Every structure is written in structure tokens, then in C-alpha cells.
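Only a predicted model underlies this, so the values are computations on that prediction, with no experimental measurement involved. In the text below, chain A, chain B and the rest are named by the order of the sequence lines, each starting its count at 1.
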There are 2 protein chains.
Amino acid sequence: MKKFIDSVDTLLATSLRGFAKAHADIVELNPAPCFIKRLQPKSGKVAIISGGGSGHEPLHSGLVGLGMLDAACPGQIFTSPTPDQMMAAADAVDSGAGVLFVVKNYAGDVMNFEMAAEMLSMPVATVLVNDDVSLPKDHSIGRRGVAGTLVVEKIVGAAAEQGLGLLACKALGERVVAATASMGVALSSCTVPALGHPTFNLAEDEMEMGVGIHGEHGRATLKLQSATEIVTQLAEHLQQELQLQASQRVLLHVNGFGATPLVELHLIYELAWQYLQQRGVEVVRSLVGNYTTSLDMAGCSLTVTVLDDELIQYWDAPVNTAALRWGC
Amino acid sequence: MKKFIDSVDTLLATSLRGFAKAHADIVELNPAPCFIKRLQPKSGKVAIISGGGSGHEPLHSGLVGLGMLDAACPGQIFTSPTPDQMMAAADAVDSGAGVLFVVKNYAGDVMNFEMAAEMLSMPVATVLVNDDVSLPKDHSIGRRGVAGTLVVEKIVGAAAEQGLGLLACKALGERVVAATASMGVALSSCTVPALGHPTFNLAEDEMEMGVGIHGEHGRATLKLQSATEIVTQLAEHLQQELQLQASQRVLLHVNGFGATPLVELHLIYELAWQYLQQRGVEVVRSLVGNYTTSLDMAGCSLTVTVLDDELIQYWDAPVNTAALRWGC
């Protein structure tokens with residue numbers, strides 16, 4: 001394993017100290033129980049909290065700040081955070097309007113956020129994100145939450161900033177989840193530091209279609225194809241899932257898993273844009289880059305969210321976080 | 001070679017079309033001669049133009065916009081752009097106050113920007129960036145321009161936006177170059193698409209200390225060390241070069257080469273911050289992320305710029321580009 005690391009045990013804590021220092025104008029670190037919190041909270045708004053295993057940076061810590069998350073609870077790498085983290089974060093950022101948890105659909109995250117919600121005394125609601133269409137809708141553990149989580153957090157975060165109440169924020173979040181679909185493909189595995197070797201193996205001419213953001217097995221291990229063939233497959237799945245129609249307006253998010261250069265991500269974006277345009281679907285908002293990563297995995301995912309005027313207004317609203325920043 | 005690609009011949013052009021579409025609120029693509037140009041130019045200001053081989057994204061195209069570059073000329077991957085690109089870009093963005101070229105010190109870039117400058121009719125000045133201290137100061141081809149280029153472009157871009165004249169912008173840029181030092185280390189090679197295999201080989205327990213951003217050989221191929229040992233070596237070189245003193249204020253930029261996760265880059269940042277803090281050097285501005293990349297290389301560089309009130313004001317000034325955005 002080749003990584004910049006002193007010890008597996010100290011990697012995350014030291015990295016979080018660095019993150020908080022590098023973005024000291026936006027966030028603050030609470031070391032134990034561990035959470036990252038917005039530095040200048042806005043009183044009287046619904047507090048938006050997310051979290052999950054680390055290794056997907058900038059998700060979620062890089063999305064804490066004005067117009068997005070009030071706190072993020074980082075677990076160890078690819079490991080759920082614990083209920084004491086969510087409880088301490090909720091106590092720190094609740095300002096009387098209640099707390100909305102945005103939770104990616106993984107068993108550990110769901111269980112621990114549920115436990116925290118039950119033990120907290122303020123009103124708590126939860127939005128479950130399960131945008132990964134590489135698993136069938138009726139899969140036993142449900143679909144995974146992947147890069148669409150950022151879209152949910154952006155839109156719900158803007159709504160909370162504008163004063164929407166707790167149940168309205170939850171309903172809005174669920175509306176975004178229903179309007180969002182994602183699917184990814186890996187060209188290489190990631191290497192989890194505590195494991196020390198790649199999570200899975202791909203031959204030199206293979207790719208993993210429908211991969212999860214922890215290197216979970218996808219739909220199929222296939223021979224490597226051209227970028228156009230890959231994009232066509234991903235986009236077809238999204239189109240079927242969302243029943244995309246001509247003249248619909250969408251957000252197109254090309255997300256890198258960590259090791260794929262921007263020159264390739266923008267190529268993927270252009271091909272996905274052409275796919276949608278040929279079907280009369282109008283890309284009115286875009287995001288390209290490494291946002292929901294899988295450590296050092298080479299690969300990317302496509303996310304499409306069907307937009308309307310309300311969602312566009314929330315997407316465009318000011319945001320000031322380490323990873324997303326506009327209008328501020 | 002595992003990449004998202006249709007053909008080596010079309011990769012860059014298609015990717016640039018995607019980049020321009022994804023950031024259509026900020027930039028515009030001129031396909032031939034190829035350059036990326038700021039969408040809403042400011043009349044009467046010095047035009048700042050940079051460029052170089054592609055493969056280092058977001059540098060330079062991602063730095064075009066308000067408060068930074070007026071145009072960027074992308075060459076093929078790791079290949080200098082040609083004089084017709086710089087000339088067309090200069091003609092497009094000059095608004096009467098002259099053109100400043102920001103050029104990384106590579107023979108091809110230097111020659112081609114010089115040829116363009118000679119053939120252009122408006123006043124043209126050049127700032128040469130050579131911040132890589134892994135080569136000795138008296139090296140025959142001079143030191144390479146690496147991640148410090150972003151710092152030069154940010155500060156000179158802000159000054160031009162505020163109305164500084166051409167020669168003052170050039171002098172300011174040269175002052176930033178003199179105040180800036182960078183050094184990098186690679187844990188893996190990058191793979192250039194047209195080559196199809198890694199540029200160099202490192203054994204499983206080796207790292208390349210002092211690597212260039214195209215995979216150029218550095219100071220030494222060493223056994224892999226701990227993050228603290230690596231940061232100490234890099235920081236010592238920067239300290240010696242800049243003769244850092246207690247109570248000096250600096251910008252600390254940790255730049256990823258493409259495939260190194262943010263969790264590691266923030267670890268490196270924390271360790272570099274501690275190194276400087278122990279010596280009384282005050283980190284007052286920070287930037288952590290993948291800005292001057294080497295395609296899919298795993299590795300990172302440290303850049304330190306000694307700041308004063310004037311440079312801090314320019315660093316903090318509004319910027320609205322694909323990759324750097326604040327205050328707008």
C-alpha cells in the first residue's frame with residue numbers, strides 16, 4: 001500500500017485537524033465526539049446534519065457551511081459514525097427548529113442515525129438517500145446512497161437557510177431523492193488503509209459497471225469499453241429509471257471517484273450531455289469533479305436530477321463550503 | 001492503459017467542449033486556434049493569459065474568470081500550446097491595456113510564448129514561473145514551474161482586475177515568484193494517453209522525491225517513508241530556499257497530483273502546518289486540493305509563498321473561476 005500516512009490509527013484524526021485549519025473561516029472541528037460544524041450558524045433555521053464513513057471526501061465535511069450542512073459526522077474510513085457523534089452534533093447545531101438527518105442508505109449509517117434520532121430530545125426527521133440505480137429497486141437491502149446525496153444536501157440546505165420548516169425540508173429532500181438517479185463505473189479498486197490492499201481486483205482490460213462507492217460489486221464485470229459506450233450504458237439506466245422525457249430540465253453531475261483526471265471527467269460530461277441533448281432533455285445545471293469519492297478509485301458516476309423552478313432556485317442559492325462555493 | 005477515452009486524437013477537444021459547457025456561466029471555448037476565454041471581460045484592464053500542456057487540470061482553463069485569467073491556451077497533453085493559440089487569445093481578450101503572459105518554465109512553453117509575444121502588435125510582458133526547488137538554482141534549463149503558478153495567477157489576476165498597469169503586474173508577478181517555492185513527491189507515475197503506459201516505474205516500496213508535474217525525475221528515488229518524514233524533507237527544502245523566519249506570514253498550498261485522496265492531502269497539510277508553526281512561521285492563508293495535477297499520478301507537492309499585506313489583499317480579492325471561487 002502506497003499512501004501518505006503515519007499510522008492507520010491517526011490518519012483520520014490528523015487529517016480532520018488539517019481540514020478544519022485549512023477551512024477555519026467556514027468550519028470548526030469538535031474532536032470528541034467527532035464532528036465538523038459550521039462556524040457561523042444561523043439561528044432559528046432547521047439544522048441539516050449528514051455523515052457517514054470517511055474516504056468520500058469532500059462529502060460530507062467539505063459540504064458544511066452556509067446554505068448546506070450545519071454539521072457532518074465522519075466515521076472511520078468506510079465505517080459508519082456512531083450515535084454519540086450525531087447526538088453531540090445535533091445538540092451543538094440545533095437552534096430550536098429541529099434537526100434533519102440526511103443519511104445514505106447503508107445498514108450501519110441507517111441504524112446509527114436512527115438510534116441517535118430516538119435518543120435526542122429535539123424534533124428530528126430523516127431523509128434517506130438511495131439514488132444508485134445499479135441495484136434493482138426491490139433489492140433486499142435497498143439501493144445505496146451515492147453521488148446524488150450532494151444534490152439532496154445542496155437543495156435541502158438552501159431551503160433550510162431560507163427558513164423552510166423541518167417537515168417541509170424532509171418532504172423536499174424526499175422529492176429530490178425521487179427525482180435523482182446515479183450510476184457508476186470503476187476502472188480500478190480503491191485501497192482502504194486499514195486493509196492495505198485493493199478491495200477488489202480487475203484485470204487490465206476490465207471495468208466494474210455499477211460499482212458502489214466503497215468498491216461494492218456492481219451489475220457486471222465487463223471488458224473495458226470506449227467512453228461513448230460506457231456513457232451510453234450509464235445514461236440509459238438513468239433515463240429508464242427517471243423516465244426522462246424531451247423538454248425536461250435536468251442537473252447533470254459527473255462525479256469522479258478520486259483518481260480519474262478532470263480531462264476524462266469533462267469528456268464523460270460532454271458525452272452524457274450529447275446523449276441527453278439527442279433525446280431533447282435539457283441540461284440546465286452542471287457539476288463536474290471529484291465530490292463523492294472512493295479514496296483512490298479510478299472511475300466515475302453519472303447523476304441526473306430532474307429539476308423544476310423551485311429546485312433550480314435552491315440549487316442556485318448561495319453556498320459557502322470547502323467544496324462548493326457560489327453566490328457568497 | 002485504463003482510461004475513459006474514445007480516441008487519443010479526440011480526447012482533448014471533446015473534453016474542452018464539455019468543460020466549456022459545464023462552466024458556460026464563466027468561460028467560452030474558441031475551438032481553433034484553441035483557447036478558453038473569460039465570458040464577461042472587463043474593459044480597460046491588463047489581460048492575463050496563461051497556458052501550457054494539458055493534463056494539469058484545473059490549471060489553467062479552470063482558472064479563467066473574474067479576478068484571475070482572461071484566457072488559457074491548452075496544448076495537447078504535456079505538450080506546449082502553439083504561438084497561434086496565444087496570438088488568437090491575446091487578440092480576443094486585449095482591451096487596450098496590454099497582455100501579460102504567465103508562463104511555466106519549460107523550453108517549449110517559453111519558446112512559443114516568446115514567439116507569440118514578438119508577433120503581437122499590442123504591448124506584451126511575461127512572468128516566468130520557476131518555483132520548483134527540487135532542481136538547483138543554477139540548473140542548465142532552469143527550475144520548472146509547478147503549483148506556485150496558481151498563486152502567481154491569483155495575485156496578478158486580482159491586481160489586473162483592480163486596475164494595475166502592465167509593467168506593475170509583471171513586477172508584482174515576479175515578486176510572487178521570488179516569494180514562492182514548491183516541491184513535490186510521487187507515489188506513482190502518471191500515464192499519458194498517447195503513450196499508453198506509465199511514464200516511469202516505481203517499485204511497491206519506492207517514491208520519487210522532487211518529481212516534476214510531468215513525471216520528470218526528481219532529486220532521488222527513495223524508499224517510501226512516513227508522511228511526517230516526507231513532509232519534513234519537503235518543508236526543509238522550502239524553508240532553506242525562502243529563508244523562512246519566525247513571525248513571517250505565509251500561504252501554505254498542498255497540491256494533489258490527481259490520484260491522492262483528500263484525506264491524505266489534509267494529513268499532509270496538518271503536518272506541514274505543524275512544521276511551520278514549530279518554527280514560528282504563521283500560516284495565514286491555505287489551499288488544499290488537486291489544482292496542478294499530473295493526470296492520474298499519486299503524490300502531492302507543498303508550496304509556500306511568503307505574504308505581506310499587499311499580497312494578502314490580492315489573494316483575498318474576489319475570484320470566479322471553475323476551480324477557485326470566493327467573494328463573488
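Of the atoms belonging to B/C300, heavy atoms from both backbone and side chain fall under 4.5 Å from chain A. Looking at B/A298, there are no atoms closer than 4.5 Å to chain A (heavy atoms on both sides), in backbone or side chain. For a residue to count as touching a neighbouring chain, one of its non-hydrogen atoms must lie under 4.5 Å from one of that chain's; by this rule B/V185 touches chain A with backbone and side chain alike. Heavy atoms closer than 4.5 Å to chain A are found nowhere in B/L16, neither backbone nor side chain. Of the atoms belonging to A/L271, it is side-chain heavy atoms, and not backbone ones, that fall under 4.5 Å from chain B. With a 4.5 angstrom heavy-atom cutoff, B/P193 does not touch chain A via any of its atoms. Of the two parts of B/W273, only the side chain, counted from C-beta on, holds a non-hydrogen atom closer than 4.5 Å to a non-hydrogen atom of chain A. Interface remark: A/D25 contributes no atoms to any contact with chain B (heavy atom separation under 4.5 Å). Of the two parts of B/T14, the backbone and the side chain both hold a non-hydrogen atom closer than 4.5 Å to a non-hydrogen atom of chain A. Proximity to chain A involves both the backbone and the side chain of B/T228, based on heavy atoms less than 4.5 angstrom apart. In this structure, the portions of B/L11 lying under 4.5 Å from any heavy atom of chain A include both its backbone and its side chain. Contact annotation for B/L295: both backbone and side-chain heavy atoms come within less than 4.5 Å of a heavy atom of chain A. Of the atoms belonging to B/F19, heavy atoms from both backbone and side chain fall under 4.5 Å from chain A.
Considering only residues two or more places apart in sequence or on other chains, A/H253 meets the ring-ring contact (aromatic ring centres under 6.0 Å, His included) condition with A/Y291.
Note on ring orientation: taking the six-membered ring where Trp is involved, the planes of A/H23 and B/H266 are perpendicular (angle over 60°, cut-offs 30° and 60°).
Formation of a donor-acceptor pair under 3.5 Å by the B/S50 side chain with backbone atoms of B/A72 is not found in this model. At distances below 3.5 Å, not a single donor-acceptor pair connects side-chain atoms of B/H56 with backbone N or O atoms of B/S294. Between the side chain of B/S54 and the main chain of B/G75, a donor-acceptor pair closer than 3.5 Å is present. A/K37 places no side-chain N or O within 3.5 Å of a backbone atom of A/E28 that could act as its donor or acceptor partner.
Counting only heavy atoms from C-beta outward, the side chains of A/E264 and B/I5 never approach each other to under 4.5 Å.
For chain B, the option among A/E57, A/K3, A/M1 with the highest count of heavy-atom pairs below 4.5 Å is A/K3. Between chain A and the residues B/F4, B/Y269, B/W326, the most heavy-atom pairs under 4.5 angstrom are made by B/F4. Per-residue heavy-atom pair counts under 4.5 Å with chain A were compared for B/V254, B/L187, B/N290, and the maximum is reached by B/L187. Per-residue heavy-atom pair counts under 4.5 Å with chain B were compared for A/V288, A/L287, A/I268, and the maximum is reached by A/I268. Of the listed residues B/A259, B/S15, B/S286, B/P261, the one with more heavy-atom pairs under 4.5 angstrom with chain A than any other is B/S15. The residue among B/C190, B/S226, B/G55 with the most heavy atom pairs within less than 4.5 Å of chain A is B/S226. Looking only at heavy-atom pairs under 4.5 Å with chain B, the residue among A/E204, A/M297, A/E229 that has the most is A/E204.
Atom CD of B/E236 sits in a crowded spot, with more than 12 heavy atoms from other residues, nucleotides or ligands closer than 6.0 Å. Within 6.0 Å of atom CD in A/Q313, more than 12 heavy atoms from other residues, nucleotides or ligands are found, so the atom counts as buried in its surroundings.
Remark: of the listed residues A/T305, A/V283, A/T303, A/V283 is the sole one forming a side-chain contact (heavy atoms from CB on, under 4.5 Å) with A/L252.
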Next on the checklist: Let's go through B/L29 and B/R17 carefully: what are the C-alpha distance in whole Å and the side-chain angles of both, what is the deciding distance for side chain to side chain contact (heavy atoms under 4.5 Å, CB included) to 0.1 Å, and is it a yes or a no?
Outcome noted: CA-CA 7 Å; B/L29 169 67; B/R17 280 204 300 278; 3.9 Å; yes
Item to check | Trace of the side chain to side chain donor-acceptor pair (under 3.5 Å) decision for B/Q274 with B/E270 | outcome: CA-CA 6 Å; B/Q274 286 175 9; B/E270 171 67 17; 2.8 Å; yes
